[in-house]
There are 2 protein chains.
Amino acid sequence: MGTTQLESVPEPKYWHLKTVLSEALDSEFSVGEILPNERDLAARFGVARATLRQALEQLELEGRLQRRRGVGTTVAPPRVGVAVGSEQDVWPGAAGDAWQPTDCTVAVPPTSVADILGTVHGEQAHTVRRSRVTHGQPVAAELLYIPASSVPDLSAIDAPSGAARARAVLRELQRLELEGQHRAVELGSARADDAKELDRLPGAPVLVVTTRFFAEGRTAAVSVATYRADTCRLTFGDSGGVEIHHDPERRAS
Amino acid sequence: MGTTQLESVPEPKYWHLKTVLSEALDSEFSVGEILPNERDLAARFGVARATLRQALEQLELEGRLQRRRGVGTTVAPPRVGVAVGSEQDVWPGAAGDAWQPTDCTVAVPPTSVADILGTVHGEQAHTVRRSRVTHGQPVAAELLYIPASSVPDLSAIDAPSGAARARAVLRELQRLELEGQHRAVELGSARADDAKELDRLPGAPVLVVTTRFFAEGRTAAVSVATYRADTCRLTFGDSGGVEIHHDPERRAS
DNA sequence: TAGTGGTCTAGACCACTAA
DNA sequence: TAGTGGTCTAGACCACTAC
């Protein structure tokens, strides 16, 4: 250092700010620590609060910070690895899966889901709500759409809704032989209901995992799961028998 | 309670705006069409430009819009499905893979990669740059880190750098027997170099896919690929022999 | 050069949390 | 109630693109 940098392409202030803050997080803060409030930070760096917020938003997107209204901004722990693709294909609700069924209703799936499901638009489907919790924190909310044709023998189930019915529907689904599954991951923003369940504000960035379950030569069910993008790292696939331990360390000093 | 509940939780303006715009996109615009400019749109909806921009940012994040400085805002086509997890494990550079090697240098990997690789911090590794193009558009940029121990017989290769050397290094890597691989997906923001290659601004949201390749009982290589989050839907896994055709349709009228 | 989106400012008020 | 982050405004200027 010593000489001033000439900035042939001037970097935006918020970008430079993000870099500075990121380095400060590495060297001067530890996980869980509370940062100064936004007005103070902005003053300290000599920028408007909106500019400072632009930098904080990026850092939050990258999982480095956690901001809570009325509380403050804290240094986030490293993202948790969440297993999504298991080695063998299994139906939702199979023994030992990470999901907790909370409700089951009959509803018309969104057209995008109906397209994948291959059902007629406007046709109802069993809709199971499930949530996933890791280390005491909610990480994902799921809607599972099951057309009536996939669970023909539902007359024996008396619970009209709720977790009990959800479990019963899943049990019924498992009578089919699962032939395969297919997943897609994309970026989205949390709808109001999912946001509430994930303890975030509406519009928060989420990773949307859409899973198609194949049985009897067709799509027997579709799951749309939204994971908190700030706290989650989705993990897939086999490890070839080699043990995996993601680095628990990130700090330097 | 007999009275109607009028906004017990008032919706933010930008959120409502986003909903209105989203519906307008479905019904009144077609893919590629140019929207009115931000100043006009803001005036039309009676909000400040910053508020309007907040709504547009969300829609862009969801892949509904595409904004280009100096040009305008256009309606984005549906996201392209990009296959990431193939059914069988293969080494990078195997026949028929979707990547184009562009360069190969020797560099010190970032500490986060070194941790996964199990190498000493500061130790150099062969670093192969590759890019992935779909439908004429760049969708991903990758850095592949290969420790020297994974490619012992590199003396016969004369090209000091460039695409030729990259191909040679990959060819050498394929002499090892691949025992498995493991992937993780998380949200990130594009570094300056990746952003340039992806034709986006720095900080643009990307899906970061980290792949560990296992051979000889250890991690033989690590790939960090960044996919454009606005245009890509990452697809994984087997389809159970059932043909997959994602809905090409989204518009109504 | 005209028009676009990108950055930045200096305020204001609101919703939420915890003491 | 005091303090936090979230929303919103009405400007200004800059960087880039295409004509």
Side-chain angles (χ1 to χ4, degrees), chain A residues 7-19 21 32-61 64-76 189-190 192 195-196 199-205 230, chain B residues 6-19 21 33-61 64-76 189-190 192 195-196 199-205 230:
Chain A
E7 306 277 359
S8 73
V9 177
E11 211 171 35
K13 276 191 189 180
Y14 79 90
W15 186 259
H16 180 244
L17 206 51
K18 182 194 138 183
T19 308
L21 285 169
E33 203 169 332
I34 301 182
L35 266 63
N37 71 56
E38 297 184 349
R39 291 162 179 85
D40 285 354
L41 273 181
R44 182 177 310 186
F45 288 106
V47 298
R49 190 178 157 217
T51 304
L52 186 268
R53 277 180 60 82
Q54 220 174 332
L56 294 185
E57 260 149 42
Q58 285 244 354
L59 289 170
E60 190 179 30
L61 202 76
R64 308 287 312 272
L65 292 178
Q66 193 155 348
R67 297 145 96 200
R68 271 175 305 169
R69 171 156 50 175
V71 179
T73 301
T74 57
V75 180
S189 48
K196 193 177 175 187
D199 196 23
R200 300 252 56 198
L201 289 176
D230 56 342
Chain B
L6 288 176
E7 309 274 358
S8 75
V9 178
E11 207 172 38
K13 275 190 188 179
Y14 78 90
W15 185 260
H16 179 244
L17 206 51
K18 182 194 137 184
T19 309
L21 284 170
E33 203 169 332
I34 301 181
L35 267 63
N37 72 55
E38 297 183 348
R39 291 163 179 85
D40 285 354
L41 272 181
R44 183 177 309 186
F45 288 105
V47 299
R49 190 179 157 216
T51 304
L52 186 266
R53 276 180 62 80
Q54 220 174 332
L56 294 185
E57 260 148 43
Q58 285 246 354
L59 289 170
E60 191 179 29
L61 202 77
R64 307 289 312 271
L65 293 179
Q66 193 154 349
R67 297 145 94 198
R68 272 175 305 170
R69 172 156 49 175
V71 179
T73 301
T74 56
V75 181
S189 49
K196 193 176 174 187
D199 196 23
R200 300 252 57 197
L201 290 177
D230 55 343

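In what follows, chains carry the letters A, B, and so on, assigned in the order in which the sequence lines appear, proteins first and then strands, with residues in each chain numbered from 1.
Computed from coordinates, the B:D199 CG to D:dT17 C1' distance equals 13 Å when rounded to whole Å. Taking atom NZ on B:K13 and atom C1' on D:dG6, their separation rounds to 14 Å, with Å as the unit. The interatomic distance linking B:L52 (CG) with D:dG11 (P) rounds to 16 Å, in whole Å. Nucleotide C:dT9 holds its P atom 10 Å from the CD atom of A:Q54, rounded to whole Å. Atom-to-atom, CG of A:L65 to C1' of D:dT4 comes out at 15 Å; the value is rounded to the nearest Å. When rounded to the nearest whole Å, the span between CD of B:Q58 and C1' of D:dC8 equals 16 Å. Between B:F45 atom CZ and D:dC8 atom P the separation is 14 Å, expressed in whole Å. C:dG5 atom C1' lies 13 Å from atom CD1 of B:I34, rounded to whole Å.
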Under the criterion side chain to side chain contact (heavy atoms under 4.5 Å, CB included), I'd like the reasoning laid out for A:T74 against A:L65: C-alpha separation, chi angles, the key distance, then a yes or no.
CA-CA 6 Å; A:T74 57; A:L65 292 178; over 6 Å; no
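When distances are taken from the side chain of B:T51 to each of D:dT9, D:dA15, C:dC16, the shortest belongs to D:dT9. In this structure, of D:dC8, C:dG6, C:dA10, it is C:dA10 that holds the atom nearest to the side chain of A:A48. Checking D:dT9, C:dC8, C:dG5 against every side-chain atom of B:E38, the shortest atom distance belongs to C:dG5. Distances from the side chain of A:V71 to the nucleotides C:dT17, D:dT7, C:dG6 place C:dT17 closest. When the nucleotides C:dT9, D:dG5, C:dG5 are ranked by their closest atom to the side chain of A:T73, D:dG5 comes out on top. Among the nucleotides D:dG6, C:dG5, C:dC8, the one closest to the side chain of A:P12 is C:dC8.
One finds no side-chain N or O of B:N37 lying less than 4.0 angstrom from the OP1 or OP2 phosphate oxygen of C:dG3. Put simply, B:Y14 has no side-chain N or O that comes within less than 4.0 Å of OP1 or OP2 on D:dC8. A close approach under 4.0 Å does not occur between any side-chain nitrogen or oxygen of A:R68 and OP1 or OP2 of C:dC16. At the phosphate of D:dT4, neither OP1 nor OP2 sits under 4.0 Å from any side-chain N or O atom of A:R67.
Among A:R200, A:R64, A:Q66, the single residue meeting the side chain to side chain donor-acceptor pair (under 3.5 Å) criterion with A:D230 is A:R200. With B:E38 as reference, B:R67 is the one residue of B:R44, B:R67, B:R69 to meet the salt bridge (Lys or Arg N to Asp or Glu O under 4.0 Å) rule.
Between the side chain of A:R49 and the base of D:dG6 there is at least one donor-acceptor pair of N/O atoms closer than 3.5 Å. Remark: the B:R39 side chain and the C:dG5 base include a donor-acceptor N/O pair separated by less than 3.5 Å.
A distance of 14.0 Å separates CG in A:L21 from OH in A:Y14, rounded to the nearest 0.5 Å.
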Which dot-bracket notation, 5' to 3', represents the base pairing of DNA chain D when pairs are defined as Watson-Crick or G-U with both distances under 3.5 Å, crossing pairs as [ ], and inter-strand pairs as |?
||||||||||||||||||.
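Surrounding CG of B:D199 are at most 12 heavy atoms belonging to other residues, nucleotides or ligands under 6.0 Å away. Other residues, nucleotides and ligands contribute more than 12 heavy atoms inside 6.0 Å of the CZ atom of A:R49.
Taking both residues in full, the closest heavy atoms of A:Q58 and B:S189 are given as OE1-OG, 3.5 Å, listed atom of the first, atom of the second, then distance.
Side-chain atoms of A:L17 and A:L56, non-hydrogen and from C-beta on, never get closer than 4.5 Å to each other.
Between B:R200 and A:G46, the residue whose closest nucleotide on DNA chain C is further toward the 5' end is B:R200.
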